[in-house]
There are 2 protein chains.
Amino acid sequence: MSLFSEYKIKCTPQRERILNVLKAQTHPVTAGELYAHIDNVSLATLYRTLELFCEKGIAKKHTIPDDSEKYYEFSAEGHRHFAVCLICRKMIKIDGCPLKDVVPEDFLVTDHRLEFYGYCRDCRQKLADMNRSAADEALTADKS
Amino acid sequence: MSLFSEYKIKCTPQRERILNVLKAQTHPVTAGELYAHIDNVSLATLYRTLELFCEKGIAKKHTIPDDSEKYYEFSAEGHRHFAVCLICRKMIKIDGCPLKDVVPEDFLVTDHRLEFYGYCRDCRQKLADMNRSAADEALTADKS
DNA sequence: TTGCCTGCAAATAATTTGCAGGTGA
DNA sequence: TCACCTGCAAATTATTTGCAGGCAA
C-alpha cells in the first residue's frame, strides 16, 4: 500500500515526484531547493503539497533563527533534534537524546535552543469555555 | 552609563522608546506588537533598531515553527528556553536547565524542540582555507 | 560639522490564493 | 462523473532598502 492510499490522499505525478525528492534528502531542505530538483511542478503546487504532507504527518516543517525560509523533511523517522550549521544552514540529525554525548562529532556548538510546545493554562481554559458554550448552543438548538 | 554608550551606539529618542518598551515585555514579542506600543517610530526604524540591538547583543531574536514572524526580547538575562503556546504564541520563559522539572506548571507539553547551533566541520575547514588564502594575499601584496 | 539616523515609499522574498481548466478514482 | 488538482498570475505578509533631509556628538 502506497503512502498516498495509506493517508487517503490522491496520488498524482506531481505529488509522487515531490515525495521522491523529499525522501532522497539527507537533511531538511527549503521549498526553493526542492523546486530546483523537481521538474514540471509549479511552486504553488509544491507549497500546497508540502503543506498537505505536513498536515498528514508525511513531512515535517522546521524554522531556524535568522532565516525566513522554512525547511522540510520527510518524516518517516521520529527525528526532531538537529545540529544547525550557522554558515551553510545544514541541519544535521542528532540520534538519541537526552543532551549528553548527543551532538555530532566534529560539530562546534556555539549556541543551542530548547523549546517545548503545547498549551498554556489560559488557552486550555478558553478552549474549554468555547466547547462548553458550543454544547450549550447545540442543546438550545435541539429544543427549538 | 547608559546601555547606548556602553555599546557605543548613538542614543536617539526613537531608540530609547524602543528599548524601554522592549524591556517592559514579559515575553518575546513581534515587531508588529512593538510597533503598536510605540509612538512616533516608523516601522523601518523599528526593524533597523531591532537588528542593531540583536547585533550588539542587547536583544535576542527568535523564530518558532509555523510562524513567519520573528519574536524579539530584551536580552539582559541569559534565558533561551521557552514553553511556546500553540494557540496564543506566548513564549513563557523556562528557568533553569536541564530538562527535568523545567516546564512551567500548568503548561501541557505536546511537542518539543532541541537544536544546537554552531559550525560543521566542512564550514570550519572552508573558513580556515579562506583565512589562509587571505593571509597569502596579504603577504603577496606586501612584497609588491 | 558630519556621519549616523529617520521617515517615507518603493522593493524584496517567501509564501498564499483565486480562478479556470484538467484529471485520478 | 466530480471532487480534488494544477498552473498561472496576482495578492499577501513580513521585512528591507534607497533616498533626501535631520540630528546627536
Side-chain angles (χ1 to χ4, degrees), chain A residues 1-22 28-56 58-73 84 89 91, chain B residues 1-22 28-56 58-73 84 89 91:
Chain A
M1 184 155 82
S2 86
L3 256 184
F4 295 111
S5 49
E6 185 177 339
Y7 285 95
K8 300 192 199 324
I9 58 180
K10 218 168 261 182
C11 173
T12 71
Q14 289 90 337
R15 289 177 178 182
E16 278 189 324
R17 268 178 263 138
I18 294 171
L19 182 62
N20 287 336
V21 174
L22 196 62
V29 291
T30 64
E33 290 176 282
L34 284 174
Y35 186 63
H37 289 295
I38 304 174
D39 294 328
N40 301 321
V41 172
S42 73
L43 212 38
T45 296
L46 179 55
Y47 276 112
R48 276 189 282 230
T49 303
L50 288 172
E51 200 51 47
L52 175 70
F53 284 1
C54 288
E55 276 168 25
K56 297 295 180 182
I58 298 169
K60 228 169 239 149
K61 194 194 308 187
H62 301 273
T63 52
I64 59 185
D66 265 322
D67 197 328
S68 55
E69 281 181 285
K70 282 156 195 161
Y71 290 75
Y72 299 88
E73 62 158 348
V84 182
R89 297 277 169 198
M91 299 180 76
Chain B
M1 184 157 81
S2 85
L3 255 184
F4 294 111
S5 50
E6 184 178 338
Y7 284 96
K8 301 192 199 320
I9 57 179
K10 216 168 263 182
C11 173
T12 70
Q14 288 88 338
R15 288 177 179 182
E16 279 189 323
R17 265 177 264 141
I18 294 171
L19 183 62
N20 287 336
V21 174
L22 196 61
V29 291
T30 64
E33 289 176 282
L34 284 175
Y35 186 64
H37 288 294
I38 304 174
D39 294 327
N40 302 322
V41 172
S42 74
L43 211 38
T45 295
L46 179 56
Y47 276 113
R48 275 189 283 231
T49 303
L50 287 172
E51 200 51 47
L52 175 71
F53 285 0
C54 288
E55 276 168 24
K56 297 295 180 182
I58 299 170
K60 227 168 240 149
K61 194 195 308 187
H62 301 274
T63 52
I64 60 184
D66 264 323
D67 197 328
S68 56
E69 281 181 284
K70 282 157 195 160
Y71 290 74
Y72 300 89
E73 60 157 349
V84 182
R89 296 278 169 199
M91 299 179 75

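Every chain is numbered from 1 and lettered A, B, ... according to where its sequence line falls, protein lines coming before strand lines.
Here the side chains of A:Val41 and A:Arg17 are in contact, with some heavy-atom distance below 4.5 Å. Here the side chains of A:Lys8 and A:Lys56 are not in contact, with every heavy-atom distance at 4.5 Å or above. Residues A:Ile58 and A:Ile9 have side chains in contact (heavy-atom distance under 4.5 Å, counting atoms from C-beta outward). Considering only heavy atoms from C-beta on, A:Leu50 comes within 4.5 Å of A:Leu34 through its side chain. Counting heavy atoms from C-beta outward, A:Leu3 and A:Glu6 have side chains that approach closer than 4.5 Å.
The nearest whole Å value for the distance from the NZ atom in B:Lys56 to the C1' atom in C:dC4 is 12 Å. For A:Lys8 and D:dC4, the NZ to C1' distance is 17 Å, given to the nearest whole Å. Atom C1' of nucleotide C:dC5 and atom CZ of B:Phe53 are separated by 13 Å, given to the nearest angstrom. The separation between A:Leu52 atom CG and C:dT16 atom C1' is 15 Å, rounded to whole Å. As a whole-Å value, the separation of A:Ile38 CD1 from D:dT6 P is 12 Å.
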Identify the pairs formed between an N or O of the protein and an N or O of nucleotides 10-16 of chain D at a distance under 3.5 Å, and give each distance.
residue : atom : partner : partner atom : Å
D:dT15  : OP1  : B:Lys70 : N            : 3.0
D:dT15  : OP2  : B:Tyr47 : OH           : 2.3
D:dT15  : O5'  : B:Tyr47 : OH           : 3.2

All N/O pairs under 3.5 Å across the protein-nucleotides 20-25 of chain D interface:
residue : atom : partner : partner atom : Å
D:dA24  : O3'  : B:Cys11 : O            : 3.4

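Dashed line: the shortest gap from a side-chain N or O of A:Thr45 to OP1 or OP2 of D:dG7 is under 4.0 Å. Here A:Arg15 does not reach the OP1 or OP2 of C:dG24: none of its side-chain N or O atoms lies under 4.0 Å away. Under 4.0 angstrom from either OP1 or OP2 of C:dT23 there lies no side-chain N or O belonging to A:Gln14.
With A:Lys61 as the partner, the salt bridge (Lys or Arg N to Asp or Glu O under 4.0 Å) test is satisfied by one option alone out of A:Glu51, A:Glu73, A:Glu69: A:Glu51.
Scanning for side-chain contact (heavy atoms from CB on, under 4.5 Å) contacts around B:Leu43 gives B:Tyr35, B:Leu46, B:Tyr47, with sequence neighbours left out.
The closest donor-acceptor contact from the side chain of A:Arg15 to the backbone of A:Lys10 lies under 3.5 Å.
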